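Here the structure is laid out as structure tokens; the discussion comes afterwards.
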Amino acid sequence: AINSAFKVVRNGGQVILFGIPSKPVEIDVAEMMIFKNLTVRALNACNNVDTAYAGTVTFTSTDSFGTTVLPANSTLPSGQKTFTNGVTLTKAGTQSVTATDTVTGSITGTQSGITVNPIGAAKLVVSGITDPIGACSSSSVVVTAQDLYGNTATGYTGRVHFTSSDPAPATLPGDYTFLAGENGVHTFASGVVMRTIGEQTVTATDTVTGSITGTQSAITVQVGPANYLLVDQITDPVTAGTAGDVRVRAYDLCNNIATGYNGTVTFTSSDVSTYGPNGAKPSQNLPLVHWLPPRSIWKARSETSLQIV
């Protein structure tokens, strides 16, 4: 007797699956190939081909990739039919294919345990770079080798080279050869430092096969926090006792003007007699580029310097 639950029977090396006793459907798919021949047989309760079966079967699979190909709905002349190259499974892992009568859903059968292996690397996926990222801030980057269908190419052992649209230039990992034990994935810890403000890209390319490549694009590089101040535009040489302007600019670590800086600065000078209005040293919140009005009266006759602390 045949159990109503599905069961797998190995028969001469073929995989045969039985459904409920009434009219099970048998599916035979050659394993571990991308393109598979599919044979469907309608079986009666005694496991014989039901030559009188006149139903139409439809196909489904656990392979969820959009590139999966299954046969169209079909009848089974004399109770069986072989669909040559009828199945294309593209998602790596263990998959199954099911045939079901379009009218009586209980007439069904499944081949399970179909092993789908990834094929060779066709592209690289670059990911993991912080986005947005501050200029001169470091970030890790992950490179994954994938096959044509988007499966991780676990056997990839190629060598990759990095480039970037950042003209500064960006700091990138050196050329790297994937190890067999990495299964097609490698993380470059703190491997990327972007410097130029705006939208940038980072690309990894196989050094032998240039078509095996990938890019993380639209990485937004933002101005970093203020790292230092630049003081300039003081007239030099200057006549003692003459008021003059001074410009102050805040820069991030990558020498970009720190547009978000709104700190308070105080002034000092090697000229011990320098003073501002009413004898006070100038101190105020400064925007990105601020031209101070005449404040500092130079009283010393020797060369002097002014800095902000």
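All values derive from a computational prediction rather than experimental measurement. Note that these values count all heavy atoms, side chains included, but never hydrogens, waters or copies made by symmetry.
Rounding to the nearest 0.5 angstrom, the gap separating the CG atom in Asp147 from the OG1 atom in Thr154 is 9.0 Å. Rounded to the nearest 0.5 Å, atoms NE2 (His186) and OG1 (Thr177) are 10.5 Å apart. Between the OG1 atom in Thr157 and the CG atom in Asn183 there is a gap of 11.5 Å [rounded to 0.5 Å]. Rounded to the nearest 0.5 angstrom, Thr102 OG1 and Ile107 CD1 are separated by 9.5 Å. One distance of note links OG1 of Thr39 with CG of Leu76; it measures 10.5 Å at 0.5 Å rounding. Distance CD1/Ile114 to OG/Ser61: 6.5 Å, rounded to 0.5 Å.
Between Gln146 and Thr152, the side chains place no donor N or O within less than 3.5 Å of an acceptor N or O (distance only, hydrogens not considered). Side-chain atoms of Ser165 and Gln200 form a donor-acceptor pair, as typed in the model, at a separation below 3.5 Å.
In this structure a side-chain-to-backbone donor-acceptor pair under 3.5 Å is present from Ser139 to Thr130. Distance alone, capped at 3.5 Å, places no donor-acceptor pair between the Thr75 side chain and the Gly55 backbone. Looking only at distances, no side-chain donor or acceptor of Asp50 sits under 3.5 Å from a matching main-chain atom of Gly79.
A 4.5 Å side-chain heavy-atom check between Val143 and Tyr176 finds every atom pair outside the cut-off. Arg249 is listed as a side-chain neighbour of Asp232, based on a closest heavy-atom distance under 4.5 Å. In this structure, Val40 and Phe59 have side chains that are in contact, with non-hydrogen atoms separated by less than 4.5 Å. Using a 4.5 Å heavy-atom threshold, the side chains of Leu70 and Val87 count as touching. At least one side-chain heavy atom of Leu172 sits under 4.5 Å from a side-chain heavy atom of Val202. With contacts defined as side-chain heavy-atom distances shorter than 4.5 Å, the pair Ser164/Met194 qualifies. The shortest distance between side-chain heavy atoms of Val248 and Phe267 falls below 4.5 Å.
Ring planes of Tyr251 and Tyr228: parallel class, angle under 30° (limits at 30 and 60°).
No continuous path of ILVMFWY side-chain contacts below 4.5 Å connects Tyr156 to Tyr149, so the two sit in separate hydrophobic clusters.
When Asp63, Thr62, Thr60, Thr88 are each tested for a side-chain hydrogen bond (donor to acceptor under 3.5 Å, both in side chains) with Thr68, only one passes: Asp63. Tested against Val126, the residues Thr213, Val141, Thr201 include a single side chain to side chain contact (heavy atoms under 4.5 Å, CB included) partner, Val141.
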**Message:** Would Val49 and Leu43 count as a side-chain contact (heavy atoms from CB on, under 4.5 Å) here? Give the steps.
**Reply:** CA-CA 4 Å; Val49 175; Leu43 304 180; 4.1 Å; yes
